[in-house]
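All remarks here apply to the structure that follows.
Quick caveat: nothing in here was measured; it's all calculated off a predicted structure. The sequence lines fix the lettering, A, B, ..., with proteins before strands; numbering per chain opens at 1.
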There are 2 protein chains.
Amino acid sequence: MAISAQSAKAFEDHNHQRCCGEVLEQAHKLATSGGLRLTPVRRRTLEILLEEHRAMGAYEVLERLAKDGFGKQPPVAYRALEFLVENGLAHRIRRLNAFAACMTPGQPHAPAFFICELCNCVAEVQDVSVRQAVEAAAAGIGFGVSRANVEVVGTCPACHKGRDQ
Amino acid sequence: MAISAQSAKAFEDHNHQRCCGEVLEQAHKLATSGGLRLTPVRRRTLEILLEEHRAMGAYEVLERLAKDGFGKQPPVAYRALEFLVENGLAHRIRRLNAFAACMTPGQPHAPAFFICELCNCVAEVQDVSVRQAVEAAAAGIGFGVSRANVEVVGTCPACHKGRDQ
DNA sequence: GCAAGAAATGTAATGTTATTACATTACCTG
DNA sequence: CAGGTAATGTAATAACATTACATTTCTTGC
């Protein structure tokens, strides 16, 4: 089941070719400097997420990987995706049971995902204040934060507009 | 698979018997005043979540419902749970593929869930500032928020303590 | 270089979560 | 009490995810 072909970098237009290249390059740098092994499957998985530029289900990614000559079984996709998520190169969007490439890899980030309930497109937004609010709330109950996942459901600008018409 | 038997109302001690009764009573009021139909399955589902006072998987809830004489098929649980979530009487914790009764039904709320990665217990915290930060970020990209889901993973006070020892 | 251990991959099987479809029953409402 | 709507029961299946284990590739110390 395809989720959406819509832009995921906020909801702005952008030079997609360029954005893919940039992120991939950043990923490479991180891999070599950080001792990560960006193996062929992993690299290809990241490329697929970047090319599609949207949230993709694991099985959808798997199909693509299989076509490219990699294994056909679920663990192939799940392992590669897990690696990317663990190393900050991708995110898991739980509401959609899907994964999306991180648009700002490397830098310490506090992502929030805005998911359109009409077209299922996803925007990744870096927002420090959300993270700060979460940290403050955590401190209030003595909770030690390791990861925060913020997923907001609503309507993206395009769909919001269409609704009023 | 049971998720946790740990308290979910922040991480404080509380009079459980009393808290269940209160929330159920509130749910009833909402149902009658709001025109909701809190049917036997739905009511029982809410009771189960309240009794256990933790995040429960749909199949786990289903087992209990079946024992109580309701249907044995997944839609029985999913429909009841969906109803409760739609009407603010329960929440879905996506990271755990689970559901938990809302501890503050009726009042307009902005819940954030704190999930302990060691014991899997869940705390529901009402925090306006998180919601405000989300709203602000949404406004920045022209996104219309309908629901925000904040799930924070880390260590609860009890487990955090244990770790240091 | 090469042996030993660690990490990654391939694959089969299975487990878990969730939905679709449709028949039936209960409940409003005129 | 007839007709429509909402809720329920049930079967089947879809979608998502993990376990287990064999095999290969990479790394590292000698």
Contact state string [nucleotides 3-11 of chain D, B base, S sugar-phosphate only, - no protein heavy atom under 4.0 Å]: ---SSBBBB

Rounded distance (Å) that lies between atom P of D:dC26 and atom CG of A:Leu36: 17 Å

Interatomic distance, B:Leu81 CG vs C:dT17 C1' [rounded to whole Å]: 12 Å

Interatomic distance, A:Met56 CE vs D:dC16 P [rounded to whole Å]: 12 Å

Protein-nucleotide distance (A:Leu84, atom CG; C:dA8, atom P), rounded to Å: 12 Å

Sugar-phosphate, base or nothing in reach of A:Arg92, heavy atoms under 4.0 Å: sugar-phosphate

Euclidean distance, atom CG of residue A:Leu38 to atom C1' of C:dA7 [Å, nearest integer]: 15 Å

Residue-phosphate contact under 4.0 Å: A:Asn97 side-chain N/O, D:dA17 OP1/OP2: yes

With sequence neighbours excluded, residues passing side-chain contact (heavy atoms from CB on, under 4.5 Å) with A:Leu36: A:Ala31, A:Phe83, A:Asn87

Atom pair distance, as rounded to whole Å: OH in B:Tyr59 and P in D:dA15: 14 Å

SB check A:Glu51 A:Arg44 (cutoff 4.0 Å): yes

Under 3.5 Å donor-acceptor, A:Thr45 side chain and A:Leu81 backbone: no

A:Glu63: partners by side-chain contact (heavy atoms from CB on, under 4.5 Å), with sequence neighbours left out: none

Distance in angstrom units between A:Ile93 CD1 and D:dC16 P, rounded: 14 Å

Spacing between B:Glu82 atom CD and C:dT19 atom P, to the nearest angstrom: 8 Å

Same apolar cluster (I L V M F W Y, side chains within < 4.5 Å links), A:Val145/A:Ile141: yes

Side-chain heavy-atom pair B:Pro74, B:Val76 within 4.5 angstrom cut-off: no

C:dA18 OP1/OP2 closer than 4.0 Å to side-chain N/O of B:Tyr78: yes

Main-chain N/O of B:Ala110 paired with B:Gln126 side-chain donor or acceptor, under 3.5 Å: yes

